[in-house]
Every structure is written in C-alpha cells, then in structure tokens.
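Below is one structure; the comments refer to it alone.
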2 protein chains.
Amino acid sequence: MQHTGVTIRDVARAAGVSVSTVSRVLNDKEDVAPETAAAVRRVIEELGYASSLAARGLRSRTTHVVGVIVQDMWHPFISTLIKGINEVVAAHSYDLLAYASARRNVEALAQWEQQQVARLNGTIADGIIVVTPHAATYRTAFPIVAVDPHQADTEFPAVISTNRQGVLEAMNYLLGLGHRRIGFITGRMDLQSAVRRYDGYRSALQEAGVALDPALVVEGDYSRETARGAALRLLTQPHPPTAIMASSDDTAFGVYDAAAELGMRIPEDLSVIGFDNIAASASVNPPLTTVDQFIERMGALAAEIVLKLIQGQPCESRVHKVPTQLVIRQSCRAIESVHS
Amino acid sequence: MQHTGVTIRDVARAAGVSVSTVSRVLNDKEDVAPETAAAVRRVIEELGYASSLAARGLRSRTTHVVGVIVQDMWHPFISTLIKGINEVVAAHSYDLLAYASARRNVEALAQWEQQQVARLNGTIADGIIVVTPHAATYRTAFPIVAVDPHQADTEFPAVISTNRQGVLEAMNYLLGLGHRRIGFITGRMDLQSAVRRYDGYRSALQEAGVALDPALVVEGDYSRETARGAALRLLTQPHPPTAIMASSDDTAFGVYDAAAELGMRIPEDLSVIGFDNIAASASVNPPLTTVDQFIERMGALAAEIVLKLIQGQPCESRVHKVPTQLVIRQSCRAIESVHS
DNA sequence: AACGATACCGGCAACGATACCGAAAACCTA
DNA sequence: TAGGTTTTCGGTATCGTTGCCGGTATCGTT
C-alpha cells in the first residue's frame, strides 16, 4: 500500500466485501443489497474515503468535472467569468476545476494550450472551457468551448461579446456630448476583442464624419499601469483629447491615475469611458461610465454550452454573441463649444 | 482506442518505437539516443500529445501540481490569495489547480473537505492548500496547508493573519481620534478569523476603559448586503455610533451603502474602517481606511510551506502568522467634542 | 578474434477505479 | 421437490502511464 490515503481496497477489506461491491455502492448501482450498501457506506464514512479522481476518470471516462484553462485566475475578468461558470456548473452538480500552468513560453502559446487540453482531456474533465485561447483548433473530439478567442473563426463553439458594437455605442454617446477629439487606448492587439473594439472606435468616427487623428490612438495591453503611461502621452501632447475611450476598465483606471498626476479632474477636464463593467468600476471616484459586457453571463453561457456538448447534444451555432450595454455613470460630461 | 485524444501508444506507433521509449523521452531519462528522442519529440509536437495528468499521477505518484480547495473562486479574498499562491508555485514550475465542488451540504462541511482532499490526494496533486477549512485533521499523511482555518489548533500547518492585533490597532486609531461610541459589525462567527477580530474590538475597548455597549455590536457574515442591513440597524437607533469598525472591506462597503441611503456623509458624519485591504478599497469614495492583511503574502507563504512539505522538508512551526498593518486613507475623521 | 562493457530499447506489471461476465444464493412457481 | 428466475456479489480485464528488468546491438580492448 503506497497510497498515502484510503483506497477502495481498504474499504472493501474493512467492510468484508469485494472491491466490485464497493464500486457499485459508490456509483449507486442496482445490484446491491440494502444492508450491504449501508455497511459499506458506514465504512466509507468512518475511513473518510473518497474515490480518486484520477483513477475514476481513467477507467470510466466520465468525471462529472468541468475544467477551465486560464493563464491567470486572478484577473477580474477571468475571476468574474469563473463565477458565472461556477453557478451553472454547480446547478448541474458538476465540479469545477481551474487549471493554470507554470510552464508557459510566450512564443508557443497555442501549443501550450494544446498541451493543457490534452492533459485534462477525458481523464480529468468531461469538458473544457478555454479562456482567451490562441489556437483555433485542438486535436481532439472533445467538448470544448472558447471564451473570447484570439482567432475569428474557431473549430469549436465560442462565446464572445459584441465588442465592436459596444465601443460604437459608447463613442456615439461621447460624440453626442459634443466631444470631437476623442483619444483611444487599445487593448492587447493580439486579442480578437481588442481589434474589434478598435474597429468600433474607427467606425464611430467615420460614421460621424470625424477624421481619425493617429496621434490620439495609443497602444495599451488592458493593464492599468501601461494605460497610465499611454494616458500621460495622450494628455501631455500639444492638442490633447477632451475624452478618452479606454479598451477596458483597468485601462480607464490607468487614465484616472494619469489625470490625477496631471491635476486634471474627471469629468470636468476629461471624460472617460471604460469597457467591462467590473465590480470596481461602480465604486471608483467618480463612478466610471463603461460598457457592460456581462462577463458572468458569458461564463454561464459557456458553461451551458459545454454541458450540452457533454450530454451529447449538438451545438447549433458556432459563435455565441453576448450583447453589451452602455452603463452611464459619472465620468463623462458634455463639452461646451470651445469658441463660445 | 476509446480515448478521444492522442495517447502515448499513438505516439509510439507513429514514431516507430515502444511506449517505454516515449515515456523515457517525456521524462527526460538518460537511456535514449539523441536522434530517437528528437524523432519522438517531433511526433509529439505533430500530434499535439500531452500525457494525461490522471494516468501519470496514478502511476508515478508525482504530478508537479499543487491543488487548492476552495468553496468559491470568485470572492476577492480567495482570488487574491490564489494570486499569491500562483506566483510562488509558478516560480517553482509547479502547476496550479483550483477545485470547487458543487456537492456541498452545509451541515457536513468538514466531511466535504475530507472528500475533496481524498479526491485530489496523491493522484492529482502533490500537495494541497485548503482555504478556510472546517476540519482540524484529515485522514492522510499528505502535504496539506490551511489558510485561515476555523479551528484554532490544526494537525497541519496553518497560515493566519494577526486578526486580533489588526482590529486592536484600528480601534486604537479610532479611539485616538476621539471616538467613543464605536459600532462593530462581525464577520461569519463560525470562522476563527471573525472571532479573533471581535476579540480585538473588545480588548481595545477594555484597554481604553470604554464599556462595551451590546447595542453597538451587530452580527454580519462578511457580505456587503448583510452588512448594509446591519449598518442600517446601527445607524437608526436612538444613540447611534460615530464610527463603525467593519470586519471586512465588503462589510465596510455595506456601511457605505447604508450611509448613502440615510444621507450621511463619510467621514464627516461617520467614520468607517474595514479589514482586508482588497483592491477596491483604495478606489471607493472616499478611499477606505482599512487593515491590510497582506492576502497575497498569506497565499505565497502557504505555497512555500506546501512546496517545502512536498520536497520532504519538515515544517518547523505549526502556525504561521502574517502581520497586519493599518492603512490610513480618508474614511475616518477626528471627532469634535460633542459638548463644545 | 573473442570478450566484456556499455548504450539503447522493448516487455511486463502495477497504480486505483469501473465494466463486464458469470457464479452462487435466494426466491418463486407448479 | 424440481426447475427456473431473480437478486446479489466476486473475479478479471482494462483505462494511460511509468518503473523495473532484461535483452539486443554496438563498440572498444587485448
């Protein structure tokens, strides 16, 4: 007995039955006498036994576990997403397992994901949700759902929000308030979501007949710190913007930081709009006007799809869009005509 | 071939070698010719193969994975903790696996945890960190570390913060500002941390020679919504407190909500102190004075201990305390003498 | 040329659990 | 009571992987 814990054999021996019988009790099979089952259950409780996830999955190919592959469990977007996933998954009495790998070499992210998928594939989880995947295909016929994938068209179902449309709405709001010089801080441009948000920015300007000034677009990476630097560059140039459209709430917070450093007030001196509507955006000062992308609902939807796939039901459509909605708070202000 | 993905056998067949050889390549063993290894590696990459975590763990009893058992991955405390854990774990090139179970019956939490531990035990993870465990002992000789356990003395190493001391400091700050009627909203009193924070409240009053008024203590559960109700009760009574010590930042936010409803300004009409120093506490309005318990460091410490245990090193002490620190921001104000 | 020492690799068993098959026991039915 | 049916249970193979053992090929040495 090398196993550090209690195995099914220990239970069988203690209960005076065979391993098979214990297994039957564990899985609520028919063929077992009530009193035998009761005795086995008592022993299981006494010994504090639980079947090994690994061994069970290896043999029976079904684990009642949904896996989530992420690069970082801590980021608010991901953690909110997991909340949405967890609720649906728990309601179906599936367990949730989030996996983050240390061995991550940036130049081969797609391969890294493939590895993670293969590692959990079939033996640990019944289905997998991959968050912001780089790859568009995995070598497996396995329930997989992507959330916010890099690639536009994936082989597996994907859940995305209407990124372009969301920014478009926000921009129209700013334009309606009279802003014409609107700065833009991009997200990580290797992400599909960032590209589409930038698309929304450009489309809105075009529709409004405002020429795009390259000096007003700065590249960010969704992080607060990078955004701070980007905002400083935007705001210290000769002809600074009167409003900044940020590609994420974190990015918007970076703008807040920069404004504070420059002694600018929001919204009096500068209007700001974020994207995501993470929890913090309601409680910052001033409360941030932002585009809600219903992250929890995205997670819930992804979970529903993966559970459907697990149960063998086909997935009707490949791309599932979750609509966005502009949440107006207090970080924007109408601009008075500069010449009046 | 029932496996939905690629197995070691597929790799062996494709590379024209035996399964054993592939295994040797995978584990960087000595006895394999460089060109053979290269060929195998090429096939592995072509097929997108990765060894199954389950099978590998089952056979070799070492997985290079640290497991974290939580009830909810979403809560800021837990998610921050995971961030701290992840950094240390990744630095040692271990993978991180967070597990949340759906089958949770509240009356038998300790047994539920035992199940989770047994489930991951040995075959999936090399060591386990249990967050806010209910049980004080598990039936296993396995690297286990607890963070913020319910029980005061556990059989396994535990990481806690100096909860009592933290509240004591905060209270002394409030008392120093002249406050005498200080309300207290407790945490979930079944948690060790909540009890110790309440201890700190009582000790501070006693040391200062202020009698404890039971009307100023209301039970909460660390949640914002419950705290809102609790704060409303505190603030609408005949002789309301001039300051509220909240058992967590979320609790303090609930106090903010209640104050807003009642038209009270913070800190002009009411001083508030929180506990945790989660990210949001710096960006609320006004920025919250709170007790930083260095959640990330707690996670990092837990990870270090569990890695040490995995490597067979003994753990010198059972209880590891992470010191707290009062972070003074703008939610408190000195009280003018009511009679002047 | 013959031998021993390596280097390399394949076969087999085992990890803990479940699926399947068939045997033993218990229960009917006539 | 004999025969048949059902209930209950044990034995065995197997999942994908690695550890161990031993076999073969290659090479250097005298």
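The sequence lines fix the lettering, A, B, ..., with proteins before strands; numbering per chain opens at 1. Computed over heavy atoms, backbone and side chain alike; hydrogens, waters and symmetry mates excluded. This is a predicted model, so every value here is computed, not measured.
The phosphate of C:dT18 (OP1 or OP2) has no side-chain N or O of A:Ser60 nearer than 4.0 angstrom. An OP1 or OP2 oxygen of C:dC9 is reached within less than 4.0 angstrom by a side-chain nitrogen or oxygen of B:Thr36. The shortest distance between the side-chain N/O atoms of B:Thr21 and the OP1/OP2 oxygens of C:dC9 is not below 4.0 Å. Taking side-chain N and O atoms only, B:Ser52 has no distance below 4.0 Å to OP1 or OP2 of D:dG16. Contact annotation: B:Lys29 does not reach the phosphate of D:dT18 (side-chain N/O to OP1 or OP2, under 4.0 Å).
Take the nearest nucleotide of DNA chain C for A:Val22 and for A:Asp31: the residue whose nucleotide is more 5' is A:Val22.
Atom CD of A:Glu30 and atom C1' of C:dC20 are 17 Å apart (whole Å). Atom pair B:Asp10:CG and D:dC15:C1' shows a separation of 14 Å (rounding to whole Å applied). Rounded to whole Å, atom C1' of D:dT18 lies 10 Å from atom CG of B:Leu26. Note: CG (B:Asn27) to C1' (D:dT18) measures 7 Å, nearest angstrom. Rounding to whole angstrom units, CG of residue B:Leu53 and C1' of D:dT18 are separated by 14 Å. Taking atom CD1 on B:Ile8 and atom P on D:dG19, their separation rounds to 11 Å, with Å as the unit. Going from atom OH of B:Tyr49 over to atom P of D:dG16 covers 10 Å, rounded to whole Å. Distance CG (B:Asp28) to P (D:dT18): 11 Å, rounded to an integer number of Å.
A:Glu30 is linked by a side-chain contact (heavy atoms from CB on, under 4.5 Å) to nothing, counting only residues two or more places apart in sequence or in another chain.
At a cut-off of 3.5 angstrom, the base of C:dT18 holds at least one donor-acceptor pair with the side chain of A:Arg59. One can find a donor-acceptor pair under 3.5 Å joining the base of D:dG10 and the side-chain atoms of A:Arg24.
Checked by atom type, the side-chain pair B:Ser20/B:Ser23 shows no donor-acceptor distance below 3.5 Å. A donor atom on one side chain and an acceptor atom on the other are found under 3.5 Å apart for A:Thr63 and A:Asp126.
Residue B:Ser23 is classed as a base contact, given a heavy-atom separation below 4.0 Å to a base. Nucleic acid contact class of A:Val19 (heavy atoms, under 4.0 Å, all strands): base. Within the nucleic acid shown, A:Ser20 comes within 4.0 Å of at least one base atom, counting heavy atoms only.
When the shell of 6.0 Å around NZ of A:Lys83 is examined, it contains more than 12 heavy atoms from other residues, nucleotides or ligands. Within 6.0 Å of CD in A:Glu45 there are 12 or fewer heavy atoms belonging to other residues, nucleotides or ligands.
In this structure, B:Thr132 and B:Val147 have side chains that are not in contact, with every pair of non-hydrogen atoms separated by 4.5 Å or more.
Taking a cutoff of 4.0 Å between a charged side-chain nitrogen and a carboxylate oxygen, A:Asp190 and A:Arg188 qualify as a salt bridge.
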Under a 3.5 Å cutoff on both atom distances, Watson-Crick or G-U, what's the dot-bracket for DNA chain D ([ ] crossing, | other strand)?
||||||||||||||||||||||||||||||
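Taking the six-membered ring for Trp and thresholds of 30 and 60 degrees, B:His64 and B:Tyr94 have nearly parallel ring planes, at less than 30 degrees apart.
Which of D:dG16, C:dC8, D:dT17 sits closest to the side chain of B:Leu58 comes down to D:dG16.
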